[in-house]
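One structure is given here, and the rest of the page talks about it.
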Amino acid sequence: MSAGGGRAPREAGRRRVRLLATGGTIAGRAASGVEPGYRSGEVAVEALIDAVPGLRELAALDGEQVAQVGSQDMDDALWLKLAARVQEVFDSDAADGVVITHGTDTVEETGWFLHLVVKSDRPVVLTGAMRPATALSADGPLNLYNAVAVAADPAARGRGAIVVLNDDLHCARDVTKSSTTDVHTFISPGPGLLGSASYGRVRYFRQPPHPHTTASGFSLDGIRQLPRVDILYAHAGMTADLVRASVSLGARGLVMAGVGNGNMSTAAVRALAEAAREGVVVVRSTRVVSGDVGRNIELDDDALGLVAADQLNPQKARVLLQLCLARGMERDAVQDAFHRY
Ligand SMILES: NC(=O)CC[C@H](N)C(=O)O
């Protein structure tokens, strides 16, 4: 193992897995095993690996600290850095798969970004923990064990970015965090699980049907930064104020976390239609945890110039819209992308 990104030795028949650590609760430290308060991202990647018995028997491992943050501090720049690192690791044939340790708050967004931009069939696996490394019954070690098993598994190739926690494998497109504290926090509403892992024995239930990685039309090529896209949360009595504020602050895209099937107050609808006329791309998603947002259901998207998010929740819709806008796509092409991806 080398902390500086050196290569794990190639041994006949042994898979090589690179761990890219970014922080989160899996690397969190508390004052005691039963202390609810803790600090994310304190334990270094070497210590994470050493804490898991048998991990090095699964694959030839090396580790690299890419960041050390709570994932509430993940941002566009870190996504671009992480994605570029994953791409370099694969392009230089330094590993057969990568495992990214990550905070659980935004792992669904990072995973989705990688699912769309990484150009490789090799497994990109993201994992984390709900309990800090120092907790009683910490969940991180087994999550990491299962994540390395998936990254080292030839059958994981071609399935895009996979989020592994609590014995479940989720497609990065579908997964979302559903509980603030429960170890069984991740769910994939609608499409369901991608597979399962039991002490490193991995099974797959399905292939992700939507284009990703090598089949995706998105990549890092020419992208130095991502355009500003804001998410606005709809509620009873919503006014137009925040829509107007976002537009005047320079948002190039807006995602509505709408009520129900992507609805919002009449005042908000009017402001969004005005924003769309000014060239801002507006996507209607929903604050509801499951179900699609379809076109022209209660609102006339055609007349208002709006895009329906289809199956993507607001935070996933934001990532896709950023990538679409970075490629210069206009409204109709953006709607096609939301149906396709
Ligand atoms: N369970 C967690 O990982 C949450 C810790 C922290 N907020 C993060 O996302 O990194």
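Whatever order the structure lists them in is the order used to number ligands and atoms, beginning at 1. For reference, positions follow the sequence shown, starting with 1.
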Please list, one pair per line, the donor and acceptor atoms closer than 3.5 Å that link side chains of residues 267-277 to other protein atoms, with sequence neighbours excluded.
none

Which atoms of ligand 1 sit under 4.0 Å from any heavy atom of Y38?
4 (C), 5 (C)
So does A172 get a backbone contact from the side chain of W112, meaning a donor-acceptor N/O pair under 3.5 Å?
no
Under 4.0 Å to a heavy atom of M130 - the qualifying atoms of ligand 1, by number:
1 (N)
Considering only NZ, NE, NH1 and NH2 on the basic side and carboxylate oxygens on the acidic side, decide whether E64 and R18 come within less than 4.0 Å.
yes
Taking every heavy atom of M238 against every heavy atom of L232, the minimum-distance pair comes out as CE-CB, 4.3 Å
T25, any N or O under 3.5 Å of ligand 1 N or O:
yes
Between V69 and ligand 1, is there a nitrogen or oxygen pair with a distance under 3.5 Å?
no
With heavy-atom distances below 4.0 Å as the criterion, list the atoms of ligand 1 near G24.
10 (O)
With rounding to the nearest 0.5 Å, note down the distance linking CZ in F338 to CZ in R295.
12.0 Å
Does atom CD of Q207 have more than 12 heavy-atom neighbours from other groups under 6.0 Å away?
yes
Ligand-side contact atoms (ligand 1) for residue partner Q72, heavy atom cut-off under 4.0 Å:
6 (C), 7 (N), 8 (C), 9 (O), 10 (O)
For ligand 1, indicate whether the residue S40 contacts it via side chain, backbone, both or neither (heavy-atom separation under 4.0 Å).
side chain
For ligand 1, is there an atom lying under 4.0 Å from some heavy atom of G41?
no
Donor-acceptor contacts, no H, no angles, side chain residues 153-162, under 3.5 Å, sequence neighbours left out:
| residue | atom | partner | partner atom | Å |
| --- | --- | --- | --- | --- |
| D153 | OD1 | A155 | N | 3.0 |
| D153 | OD2 | Y204 | OH | 2.7 |
| R159 | NE | A155 | O | 2.9 |
| R159 | NH1 | R206 | O | 3.0 |
| R159 | NH2 | A155 | O | 3.3 |

Nearest non-hydrogen atom to atom 1 (N) of ligand 1 belongs to which of I26, T104, T185, T181?
T104
Counting non-hydrogen protein atoms only, what is the nearest one to atom 10 (O) of ligand 1? Give residue, atom name and distance.
S71 N, 2.7 Å
Are D91 and K119 ion-paired here, with the side-chain N under 4.0 Å from a carboxylate O?
no
Nearest-contact summary for atom 7 (N) of ligand 1 - protein heavy atom, Å:
D105 OD2, 2.6 Å
